2 protein chains.
Amino acid sequence: MADQLSDRGKRILEAVIEDYIATAEPVGSRTITRSHALALSPATVRNVMSDLEEMGLLASPHTSAGRIPTEKAYRLYVNSILEVKNITRDKKDEIRRRCQMAGKDPAQVLKETSRLLSTTSSYMGVVMAPRPASSVFHQIEFVKLPGKRVLAILISKNGTVQNRLVQVDEDIRQEDLVRMANYLTDQLQGLTIAQVRERILNEMNSEKVRYDSLMARALALSEQTINTGNPELFLEGQANILDQPEFSDAGRMREIFRAFEKKSLLLDLFDRAMQADGVQIFIGSESHLLKMEGMSLITSTYMTGKDTVGVLGVIGPTRMGYGRVIPIVDYTAKLISRLLETE
Amino acid sequence: MADQLSDRGKRILEAVIEDYIATAEPVGSRTITRSHALALSPATVRNVMSDLEEMGLLASPHTSAGRIPTEKAYRLYVNSILEVKNITRDKKDEIRRRCQMAGKDPAQVLKETSRLLSTTSSYMGVVMAPRPASSVFHQIEFVKLPGKRVLAILISKNGTVQNRLVQVDEDIRQEDLVRMANYLTDQLQGLTIAQVRERILNEMNSEKVRYDSLMARALALSEQTINTGNPELFLEGQANILDQPEFSDAGRMREIFRAFEKKSLLLDLFDRAMQADGVQIFIGSESHLLKMEGMSLITSTYMTGKDTVGVLGVIGPTRMGYGRVIPIVDYTAKLISRLLETE
DNA sequence: GTTAGCACTCGATCAGTCGGAGTGCTAATC
DNA sequence: GATTAGCACTCCGACTGATCGAGTGCTAAC
């Protein structure tokens, strides 16, 4: 048969994938003729399936089991067969209702969102917070606390707050701290946090500052407060993947959990997802993460105002209800963007 | 035989428990005579074990397996047999080294501590943050951000920071915000956060405020910022318990993970642990948590200055290396207390 | 009180059997 | 020429029975 996928081939591939998604069992020719009104006999379906196998779209675990879609098949399915459903009214309401988190700590909002993604999709929810380095500086403050401690607070225009508790020798006065903070706030207007850091490091080495011990200390304080490190990653609903039959094996399960404990791997992946706007889908090994074998990731970027600032998504088995989950991710991302913009 | 536990009985019970902790397999009479120099024959040991079983300290899964310690046995072991080892020099160094987290976000410190507990014990680490309601108010601030947003920041004497992003109608001026914040900061000196909340709710209903719309709004802002809810709980190293053979069953594993997703259950338990200072041990069903069957919890309280503020600990299987883990929990709690005090 | 000896029990393991599901091929049919 | 019925074949999984080893409880001897 042709290398080209016939229309009938497509329909049968779709049937296999959908059955497999539903049952996690290899799909046989009989099953398909029964459940999908194709008006074809099992024998015919077998012929077609054999062709699909040759094209690398199906695989059989062994001779007398049914067949399983390959990654290539999922990719094809997602690209050109799947019709993304509209999100159901119910889901929409549920998401909207649970997004009523006005007045919450901004970090909490993202965590809640991650949990929301996990429960609505029944897979794992992931949200990558905005990269601290790229947000825009708004204000810095130093607050003197009892016990020779100073709390430094760094506020960004997008409303995120970084703070550090630092011990100092006791002869700093609150008035001096305020003066320093005002001066710095003035100096650093309009810079991104990354630039702020650079500026401060420069200043610290400048001649002028060398002889101003107060300023030197203020700069040191600021420097300790600035976090240009990795953005936070909120991973919720890990227990959900325990329900997936393909991970019922204890060893496999352990591997996956260990992999997710190392968040750096996921961060890389999410960084890649942030390169392009909108919904993206990584199927199995496409993510180039060894441990992601058998797992897929659906992501979408979210924004504050006009800037793409973060990524959120759902991680599940390759055998995932794409048609159902894609709109959930999409809708949630849009809702969060709106929430971050106005609130 | 007597109801009273003989000295020999104790030694044999100890041997069974230690073997079982090491291997997770039911322990037979032979094994014991071999590994622990008791100078007794297997038959004698069998007799004693039979007595121990009658006393409810041992149980046999079936006739021809060895025996397993019961919860009662663990309790006895922990109370009167176990000699808690001194913490090893290595562990001490490791913990101390990893506690060098000066300049970190206070919440991060606790999270790190939890991870530290999990890796040094190779079970699960848990840290309950100080109850927000009971910390002492220090300062409140309102910062106007672009886009009709106001960031409210609540600072406690212990260095914790709560912040909320709130949308407002645009006619509030930064000067007014500062004035309000200063006024409130002045009014609320010395109160706990819980008292602050109460005071604010009272004020909001007072006659005077009714006609001062600016003040009314400031109060509303503050009220939204205050979180008197549950303290945060940092649970790290969940993957570690997957290594325990008794949880290799997928169903059991799922149950446990699900249980830990509901943090409220653990919070209750930790609240109980906070009633008494120092190290405490909950064995299996003693915690009155249904899902804690087969698991034990070792906790210690930690303090800032003279006040007990939180609890940290390790969760592992009942079959846990108590002698090894207890000093780890103890030492970590002391170290964190010192860290929170000075820093 | 302790121990050696022995019969007994029970789970784990392994080989063998059987049935069901599914395939591929061939020949008949539309 | 495409489709289908029929059939032999393959392979897995579930079940069965036999065997083995670890461990026990009991009894009688030390």
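As a basis for the values below, the full set of heavy atoms in this structure was taken, side chains included, without hydrogen atoms, waters or symmetry mates. Keep in mind the model is a prediction, meaning the values are calculated, not measured. Each chain gets a letter, A, B and so on, in the order its sequence line appears, and its residues count up from 1.
Summarising the geometry, the separation between CE on Met49(B) and P on dA22(D) is reported as 16 Å, rounded to the nearest angstrom. Computed from coordinates, the Asp51(B) CG to dG1(C) C1' distance equals 13 Å when rounded to whole Å. Atom CD in Glu53(A) sits roughly 10 Å away from atom C1' in dT23(C) (whole-Å rounding). Atom pair Leu58(B):CG and dT24(D):C1' shows a separation of 14 Å (rounding to whole Å applied). The distance from atom CG of Asn47(A) to atom C1' of dT4(D) is 10 Å, rounded to the nearest whole Å. In this structure, His62(B) places its NE2 atom 5 Å from P of dG11(C), rounding to the nearest Å. One atom, CZ of Arg46(A), and another, P of dT26(C), lie 14 Å apart when rounded to the nearest Å. For the pair Ile68(A) CD1 and dC12(D) P, the interatomic distance rounds to 13 Å; values are reported in whole Å.
With dG6(D), dC12(D), dA4(C) as the choices, the nucleotide that has an atom nearest any side-chain atom of Ala43(B) turns out to be dA4(C). Nearest to the side chain of Ser50(A), among dT3(D), dG11(C), dG24(C), sits dG24(C).
If you check the side chains of Tyr77(A) and Glu18(A), you find a donor sitting under 3.5 Å from an acceptor. In the model, Thr318(B) has no side-chain atom that pairs as donor or acceptor with a side-chain atom of Glu71(B) under 3.5 Å. Judged by distance alone, the side chains of Asp268(B) and His288(B) never bring a donor and an acceptor atom under 3.5 Å apart. In the model, Gln280(B) has no side-chain atom that pairs as donor or acceptor with a side-chain atom of Arg272(B) under 3.5 Å.
For the side chain to side chain donor-acceptor pair (under 3.5 Å) criterion with Arg98(B), the lone passing option out of Thr119(B), Thr332(B), Asp93(B) is Thr119(B).
Side-chain N/O atoms of Thr63(B) include none lying less than 4.0 angstrom from OP1 or OP2 on dT24(D). An OP1 or OP2 oxygen of dT23(C) is reached within less than 4.0 angstrom by a side-chain nitrogen or oxygen of Arg67(A). For the pair Ser41(B) and dT2(C), the criterion of a side-chain N or O lying under 4.0 Å from OP1 or OP2 is not met.
For the segment residues 15-34 of chain B, residues with any heavy atom less than 4.0 angstrom from an atom of DNA chain D are, sorted by number, Gly28(B), Ser29(B), Thr31(B).
The pair Arg11(A)-Glu14(A) does not count as a salt bridge, with every side-chain nitrogen at least 4.0 angstrom from each carboxylate oxygen.
Annotation: of the two residues near DNA chain D, Leu40(A) and Ser64(A), the 5′-most nearest-nucleotide partner is Leu40(A).
The aromatic rings of Tyr322(B) and Tyr74(B) sit tilted, their planes meeting at an angle between 30° and 60°.
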